[in-house]
Amino acid sequence: MSTHAAIEHGHAADEHIHPPSFYVKIWGILTVLFAISVAGPMLGIKLVTILTAFGIAIVKAYLVCAHFMHLNIQKRWVVYLELGVLAMVLLFWFGVAPDVMQHQGQNWENVAAKQAVERGMAAHGAAAAEHGAK
Amino acid sequence: MISHAVDQVSTFAKDIDVLILLICGLVGFWFFVAEGVLFFLVFKYRAKEGGKAAYIDGTDPKHTRFISWPHRLILLCDVVIVVAAVRVWVEVKQTMPTPDQTVRVVSQQWSWSFQHPGPDNKLDTADDIKTLDELHVVAGQTVQFELVSQDVIHSFSVPVFRLKQDAIPGRVIKGWFKTTQTGSYDIQCAEICGIGHGAMVGTIVIEQPERYAEWVAGHAPVAALATPAPK
Amino acid sequence: MSFAKPIATLRTSAGLPTGRLALWWLLASEVVIFGGLLASYVMQRLGHPEWAYDAEHTNVWFGAGNTIILLTSSLSAVLAHQAAQTGDGKKAARYLWLTIGGAAWFLVNKAIEWSGEISHGFTITKSGFWSFYYTAAGLHGLHVIAGATAMAIVALDAAKNKELQRVEYVGIYWHLVDVIWIFLFPLLYIAK
Amino acid sequence: MTTTTAPHHADAPTAEHVHDAHDAHEQSFFTKYLWSTDHKVIGFQYMITGLLMAIIGGYMAYGFRMQLAWPGEWIPGVGFLSSGRYNAFITTHGTVMIFWFAMPVLIAAFGNWLIPLMTGCDDMAFPRINRLSYQVFLISAVVLIGSFFVDGGAFGGAWTAYPPLSSKATMNLTPLGSTLWVVAVALEFVAFLLGGINFITTAMNARAPGMSMMNIPIVVWMIVVASILFMVSVGPLVAGAAMLVFDQQLGTHFFDPGQGGDPILWQHLFWFFGHPEVYVVLLPAMGICAEIITCNARKKFFGYKTLIYTVFATGIISFFVWAHHQFVAGIDPRMANVFTITTLIISIPIAEMLFLFIATLAGGQIRLNVPMLWALSFVAEFLLGGVTGIFLGASGSDIYFHDTYFVIAHFHYTFVPIAVIACFAGFTHWIPKMTGRMMNETIGKLHFWFTIIGFNLVFLPLFITGAWGDHRRIYNYDHFPDLTNAAMQDLRIASTVGLLIMIAAQGFFVWNLLWTWLKGPPAGDNPWQATTLEWATTSPPGHGNFHPMPTVYRGPYEYSVPGAAADFTPQHLPPA
């Protein structure tokens, strides 16, 4: 059967063995990236923080998935499966955010959430001002 | 069909009924065609002594056209329904005509309370009329309502208006209706809200301007006392 | 009672071992569970700027320490897999125990961190941020415990050179736990 | 492991040889029926548990329909139904029928029976996980039933459990019942996640040699796609269930608007799962009917590949439509337009599927035996459920129909065909295989006709009461002046009478089961002369299912092949 030939072939591709040093190298890159992501916020620039924190998280996740989980030598559809599932999470986000992230929309207003934001900002603002004065 | 049993009392009630009739016609057609074909085929191709079934895999265009053509027609029907439904939706939920009057509808377990603007026709002033379970509006006027909830989710449903909107605690949701005749009708809670849900009923009283003015005059100063203050 | 594997377990019509196939589906289901939680968190967080003040009270150093622990334990998990590939069950088991050690260290850190926060009044009911903080990190912590338990079982077998393919499977699961933390760390600790 | 290999194993592949001999163990009653890892036994466990839970759900329906027909009267077997108990009854009815009847029977029971048999292997890929899945499921059922006996009684906030009603004990008045409800549902999700991974893996990996993707029987495809849909859609709700329990028991504010939470978030979490869930139970039901219709029409399925692609399309689109349950529930009205469009798009693949079913009949030799009657009635009744959905998917008309009895009638015209009709279709079709005995055709037809008549009598009147404004979840319409009139009450009574007929009709089913048990004639290997692999083995299949393991040479529905001697050519038959 042709499917069986494909299976054997697939197996051979999965069973690729890297030397331990390869994994240590990946770990080294991960550690450096991690250091940057911790250092980023210390600059105190919001945009840099977001970029270093989440950009690097994505790169790190990619490295772990590709080289530690071996998704790079896995069957293609496995990657598509995981990405497809992730796409459903994004779909959920975009379907829900207009109602939950926004506190106001056409003919409606989330008064309670706005009040919670104001209350929180005021309380913490006062606290922060106090903190700054010290 | 619906107006037979439930009056059309708002301006958009008719539009919703027409939409329902349109959908009824379109899907009814397909329903009866499909059922008809189904029963016809079951009858025509019932097992016969020594008969042999045809060997059809359903890839030949000669056969598939019996499916693909109805399919395109259904798509067309879908487009018609979407256009009609969205038009009605936009009219009822997305537009906001300039109101003659604004009222506040407050839902709580398990009653409705209403805040009428009073003689000055402005909400949140001293002469507001607060009532329990009874909403008074003027026939022919456009009324805007602000829907709020004190505790759990309720739903402001007035079948004669064909109007329904959930009240979400923490949110103010606005809507409108324009009445077309006088009468008094049910306001029902359409979202389960606890053990009293089955008894959460209010009345909407639609009156001629004179009667309404009388009611306002009779209730304005002292009405505040009649309110149970559900804080 | 010894358990005889059915033929069904040993077939590979889809082209990859049954255990790994199931694992990818398990991971898919984990992705949506965490995805749903984090999507809810992110949209609420963006809608509530005041949560940033709550986030200031999280301890970046605990988070950072735990990140490096998990990254390193991922390395030892993949080294265990590598050892299993070469057929060295004893070495694979040693690496797995090292990974379990990382998991334990992670949990100890977490316990110290949380008890400190709770004693300062930052409990799960303090605000929306803290609710999500404890729920997300708690759910992740449960996965750490589950992963460590699974690794312990596999390590006992692997030391006897049995079921070596499972070393890879627990490893993949462990990397998922790591990847989830890679996103939790900036979401809960860094973004302020 | 003993390797007592029977002689007819000779032509099985050697690699698989050693492993299919575990029937050599002597097994006690406990290990054979209660602690078994055999997929057939687990299938029976799911089937029996599901049917017992259906009795509970049916009892609830009996209770509240009687209350609605004769409000405030004493109900035989139930007593007086207060509004709190009424709410608990409708909540439990909905939850049980979907999570503890439709899912275990259609996916778990038929999935367990059919996937290994139809794909030609000896068991599930993970028999012990399979057993664990059933045990978790059983615990979840016990937790749910237990919620009726705790302080405050069972949860009464409807199966959608919208907070803050579900999250605050001061509002729902069921401090423990509501938490037990969430825990039970969450446990059920875990059970079906475990089961689903098993089904998917087995169907993907454990197929008999030669069974390519396009040789898989439709029902297996359907159960696999349903399991995938379930797995992907349930994730956010699992997280949501944890959040809801924390809100109830720890005092967090995930869904509490007063403290920065948002009740709408739960609605989205719930319906993001809740809508695909409809297809999770619909697809296996359609698969079961596809098997029965092809077999009894003696015809190849019309457009097998088209159907499979349509199923994929349905599965994907089903993720894009969830907010049509929330049109008037406080979401932004602009979003409603998007979801109206996606909702009407999904009518296309569903219509396509039903057309393919109908087209399969053309040119056939239709045997109207009991399974076929059930399967055809599935198509006939589901059509009505399908078309009435358009009224609710179109935002404009949903403003009026939302949360009325029209909705109830609509989704019962989908769920009753799914859970009851397709379940009986599959049951009567495969029980000869699973037990080795034929059921009685005459009793079966009586059962069929009385159930169908009862069912239509229950729900046709409800379309009308719904259109006339009856709202759901109301224990007594006497409070609503506009809804208190004799015509509507007559319709409500008609509906209740229909339910009594439907319940009484199940007596025929019990009679038929007893008859089959006591004097059912032996079924033989292939009583329906079907082509798929499960009919290639003995009835009931022994441990290990096939001796020897089969090899597949052709597609699943080779009926009435021109030139062939018989009008069916089984999948495992080597080409001449």
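Each chain gets a letter, A, B and so on, in the order its sequence line appears, and its residues count up from 1.
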Measuring heavy-atom distances to chain A, does C:Leu176 have an atom under 4.5 Å in its side chain, in its backbone, in both, or in neither? both
Test salt bridge (charged side-chain N to carboxylate O under 4.0 Å, His left out) on C:Glu163 and C:Lys5 and set out the steps. CA-CA 12 Å; C:Glu163 304 280 5; C:Lys5 277 188 188 170; 3.2 Å; yes
Assert top hit (heavy-atom pairs under 4.5 Å, partner chain C, pool A:Ala97, A:Ala57, A:Pro19) equals A:Ala57
Tell me, do C:Leu10 and C:Thr18 make a side-chain contact under 4.5 Å, heavy atoms counted? no
Go through the atoms of C:Leu38 and report whether side chain, backbone, both or neither lie under 4.5 Å from a heavy atom of chain A. neither
Going from NZ on A:Lys60 to OG1 on C:Thr67, what distance comes out if it is rounded to the nearest 0.5 angstrom? 6.0 Å
When the 4.5 angstrom heavy-atom criterion is applied to C:Thr72 and chain A, the contacting part is both
Is A:Leu81 in contact with chain C via its backbone, its side chain, both, or neither, using a 4.5 Å heavy-atom distance? side chain
Among C:Phe129, C:Phe122, C:Tyr133, exactly one meets ring pair (Phe, Tyr, Trp, His ring centres under 6.0 Å) together with C:His57. Which residue is that? C:Phe122
Taking every non-hydrogen pair under 4.5 Å, which of A:Gly120, A:Ala113, A:Pro20, A:Ser37 racks up the most with chain C? A:Pro20
Choice from C:Val179, C:Ile182, C:Leu75 maximising heavy atom contacts with chain A below 4.5 Å: C:Leu75
Aromatic contact, C:His143 with C:Phe34 (centres under 6.0 Å): yes
What part of A:Ile26 gets within 4.5 angstrom of chain C, counting heavy atoms only: side chain, backbone, both, or neither? neither
If I measure from the heavy atoms of chain A, does C:Val31 come under 4.5 Å with its side chain, its backbone, both, or neither? both
Run the ring pair (Phe, Tyr, Trp, His ring centres under 6.0 Å) check on C:His81 and A:His18 step by step: do they pass? CA-CA 10 Å; C:His81 171 210; A:His18 289 292; 9.7 Å; no
When heavy-atom pairs shorter than 4.5 Å are enumerated against chain C, which of A:Leu71, A:Ile58, A:Val117, A:Val89 gives the highest number? A:Val117
Side chain, backbone, both or neither: which part of A:Phe34 has a non-hydrogen atom closer than 4.5 Å to chain C? side chain
Is the ring centre of C:Tyr134 less than 6.0 Å from the ring centre of C:Trp114? yes
Please determine whether side-chain contact (heavy atoms from CB on, under 4.5 Å) holds for the pair C:Thr135 and C:Ile124, giving the CA-CA distance in whole Å, both sets of side-chain angles, and the decisive distance to 0.1 Å. CA-CA 8 Å; C:Thr135 308; C:Ile124 191 167; 4.2 Å; yes
Other residues, nucleotides, ligands: >12 heavy atoms within 6.0 Å of A:Lys114 NZ: yes
At a 4.5 Å cut-off on heavy atoms, which part of C:Trp51 comes close to chain A: side chain, backbone, both, or neither? neither
Name the region of A:Ala35, side chain, backbone, both or neither, that has any atom closer than 4.5 Å to a heavy atom of chain C. neither
Engaged part of C:Phe185 at the chain A interface, taking heavy atoms whose separation is under 4.5 Å: side chain
Measuring heavy-atom distances to chain A, does C:Leu79 have an atom under 4.5 Å in its side chain, in its backbone, in both, or in neither? side chain
By a 4.5 Å heavy-atom criterion (distance strictly below it), what part of A:Val78 contacts chain C: side chain, backbone, both, or neither? side chain
By the definition side-chain hydrogen bond (donor to acceptor under 3.5 Å, both in side chains), identify the one residue from C:Ser74, C:Ser76, C:Ser73 that meets it with C:Thr99. C:Ser76
